[in-house]
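Owing to the predicted nature of the structure, the values given are computational and were not obtained by experimental measurement. All values below come from the heavy atoms of this structure, side chains included, with hydrogens, waters and symmetry mates left out.
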Amino acid sequence: MTEAILLVGGKGTRLRPLTVHTPKPMVPAAGVPFLTHQLARARAAGVEHIVLATSYLAEVFEPYFGDGSALGLHIEYVTETEPLGTGGAIRNVASRLRSAPDDPVLIFNGDILTGLDIRALVATHETSGADVSLHLTRVADPRAYGLVPTDPTGRVTAFLEKPQSPEEIVTDQINAGAYVFRRSVIDTIPAGRPVSVERETFPGLLSSGAHLQGMVDSTYWLDLGTPQAFVRGSADLVLGRAPSPAVPGRRGESLVLPTARVAPDAKLTGGTVVGEDAEVGEGARISGSAILPGAVVEPGAVITDSLVGAAARVGARTALSGAVVGDGASVGADNELRDGVRVWCGATLPAGAVRFSSDQ
């Protein structure tokens with residue numbers, strides 16, 4: 001098994017302002033673009049050839065990764081001129097695949113951080129003789145996801161989109177966003193139009209009698225679709241809770257990139273990462289947060305579970321909790337931002353403009 005498709009064309013709308021200037025897979029997590037972790041894990045599982053299905057800000061990927069040789073991969077890039085959905089994107093790159101008709105092709109969504117045993121998924125696919133195999137994971141509240149019930153042998157019996165009533169929740173197994181396709185099945189996806197693999201391809205295959213196999217792997221799994229989830233994923237990579245061979249340093253309470261400057265009395269905990277050329281001032285306390293390259297955190301700032309964008313500035317004594325500061329934004333001194341507040345890229349918030357009283 002030597003090739004894979006990575007779906008990295010989404011606009012990352014829920015992640016804005018992080019994705020205004022940067023496609024979602026290129027936003028840094030634990031010091032490197034998130035996509036680096038996916039590529040490194042695929043390579044560690046034996047993948048050698050990867051096709052990136054790009055669309056939004058497609059021009060960003062190739063200058064960074066090139067031909068993939070630095071990661072021990074051969075990477076090709078295919079750009080959609082119009083969004084084609086997950087299934088359409090898979091079909092759109094089919095001509096770049098080298099596999100024989102019965103060979104397995106791995107497919108990954110570009111916004112999932114997971115500890116999936118990739119080799120085990122491929123082995124399940126091959127031993128079961130499936131046409132498509134899906135990574136399934138179990139979640140406590142499946143209402144926001146597509147449910148995938150299986151029979152006792154693991155064979156998929158239905159696809160149920162986002163159930164709302166208790167009666168509709170027949171399983172806690174959800175589609176976790178990683179698949180193995182028999183190469184010939186990819187050619188059955190309609191070309192040249194938008195196709196949802198979740199809503200059209202999989203249900204269509206099931207109704208035609210194809211064999212779809214599920215493999216439940218409930219190790220670490222996180223959809224990085226929101227800023228809060230992205231920050232958590234980055235912290236979990238630094239802490240070692242989420243596996244990746246691409247973390248550029250030792251796992252622990254914090255990761256400080258070599259060119260960053262951190263004051264000796266600043267306290268970094270909870271999987272905090274401080275990116276290249278970023279600066280953290282005296283007495284600052286940062287927990288579970290990501291400080292992206294070139295950002296400045298002034299003395300006495302307190303930052304918790306937040307993301308500070310590239311070249312952004314957080315003023316002295318300002319407190320952030322569950323907040324996002326976009327690239328190039330400036331939050332003045334003595335502000336308090338929390339509970340999902342987002343400061344847009346390039347915006348300026350004056351000193352003392354936002355405060356919360358203790359009884360709120």
Evaluate the side-chain proximity of [Y] to [X]: yes if any heavy-atom separation is below 4.5 Å, no if none is.
{"X": "I303", "Y": "V308", "value": "yes"}
{"X": "E200", "Y": "P190", "value": "yes"}
{"X": "L121", "Y": "H135", "value": "yes"}
{"X": "E48", "Y": "R43", "value": "yes"}
{"X": "D151", "Y": "V156", "value": "no"}
{"X": "H37", "Y": "V32", "value": "yes"}
{"X": "H125", "Y": "Q213", "value": "no"}
{"X": "T36", "Y": "L39", "value": "no"}

Measure the spacing between [atom1] of [X] and [atom2] of [Y] and express it to the nearest 0.5 Å.
{"X": "L52", "Y": "F108", "atom1": "CG", "atom2": "CZ", "value": "12.0 Å"}
{"X": "T114", "Y": "L222", "atom1": "OG1", "atom2": "CG", "value": "9.5 Å"}
{"X": "E279", "Y": "D277", "atom1": "CD", "atom2": "CG", "value": "10.0 Å"}
{"X": "N175", "Y": "L160", "atom1": "CG", "atom2": "CG", "value": "12.0 Å"}
{"X": "L224", "Y": "S234", "atom1": "CG", "atom2": "OG", "value": "9.5 Å"}
{"X": "R232", "Y": "L113", "atom1": "CZ", "atom2": "CG", "value": "9.5 Å"}

Taking every non-hydrogen atom, the tightest pair across [X] and [Y]:
{"X": "G31", "Y": "V273", "answer": "N-CG2, 3.7 Å"}
{"X": "T171", "Y": "L147", "answer": "O-CD1, 3.6 Å"}
{"X": "V148", "Y": "I174", "answer": "CG2-C, 4.3 Å"}
{"X": "A42", "Y": "I50", "answer": "CB-CD1, 4.0 Å"}
{"X": "P33", "Y": "Y64", "answer": "CD-OH, 3.2 Å"}
{"X": "E126", "Y": "P104", "answer": "OE2-CG, 3.7 Å"}

- Apply side chain to side chain contact (heavy atoms under 4.5 Å, CB included) to the pair Q173 and V216, showing each step before the final yes or no. CA-CA 8 Å; Q173 296 174 178; V216 177; 3.6 Å; yes
- Task: Run the numbers on L320 and V302 for side chain to side chain contact (heavy atoms under 4.5 Å, CB included), then give the verdict.
- Result: CA-CA 6 Å; L320 306 180; V302 179; over 6 Å; no
- Query: With a cut-off of 6.0 Å (strictly less than), are more than 12 heavy atoms of other residues, nucleotides or ligands near CZ of R285?
  - Reply: no
- Step through the shown structure and confirm whether more than 12 heavy atoms of other residues, nucleotides or ligands are within 6.0 Å of CD on E59. yes
- Query: Is the Y179 to F202 ring centre distance short of 6.0 Å?
  - Reply: yes
- Query: Do the side chains of V20 and L35 join up, straight or via other hydrophobic residues, at under 4.5 Å, putting them in one cluster?
  - Reply: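 As far as the 4.5 Å side-chain criterion goes, L35 and V20 are not connected within one cluster.
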- So if you build clusters from Ile, Leu, Val, Met, Phe, Trp, Tyr with side-chain heavy-atom gaps below 4.5 Å, do V262 and V297 land together? yes
Is it true that the side chains of [X] and [Y] contain a donor and an acceptor less than 3.5 Å apart?
{"X": "Y220", "Y": "D236", "result": "yes"}
{"X": "T272", "Y": "S289", "result": "no"}
{"X": "E80", "Y": "T54", "result": "no"}

Per-pair distances, 0.1 Å, donor-acceptor, side chain in residues 69-76, under 3.5 Å, sequence neighbours excluded:
{"unit_1": "S69", "atom_1": "OG", "unit_2": "D67", "atom_2": "OD1", "d": "2.8"}
{"unit_1": "H74", "atom_1": "NE2", "unit_2": "R98", "atom_2": "NH2", "d": "3.1"}
{"unit_1": "E76", "atom_1": "OE1", "unit_2": "R96", "atom_2": "NH1", "d": "3.1"}
{"unit_1": "E76", "atom_1": "OE2", "unit_2": "H49", "atom_2": "NE2", "d": "2.8"}

- Query: Partners of F34 by ring pair (Phe, Tyr, Trp, His ring centres under 6.0 Å), sequence neighbours excluded?
  - Reply: none
- Task: Begin from the C-alpha positions of D102 and R182 and carry the test salt bridge (charged side-chain N to carboxylate O under 4.0 Å, His left out) through to its verdict.
- Result: CA-CA 5 Å; D102 286 335; R182 187 190 303 270; 3.3 Å; yes
- Message: Under a 4.0 Å threshold between the charged nitrogen and the carboxylate oxygen, would R183 count as salt-bridged to E3?
- Response: no
- Message: Apply side chain to side chain contact (heavy atoms under 4.5 Å, CB included) to residues I286 and I291 and explain how you reach the verdict.
- Response: CA-CA 9 Å; I286 308 177; I291 313 301; 4.2 Å; yes
- Query: Within the side chain of N335, is there an N or O that forms a donor-acceptor pair under 3.5 Å with the backbone of A353?
  - Reply: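 Present.
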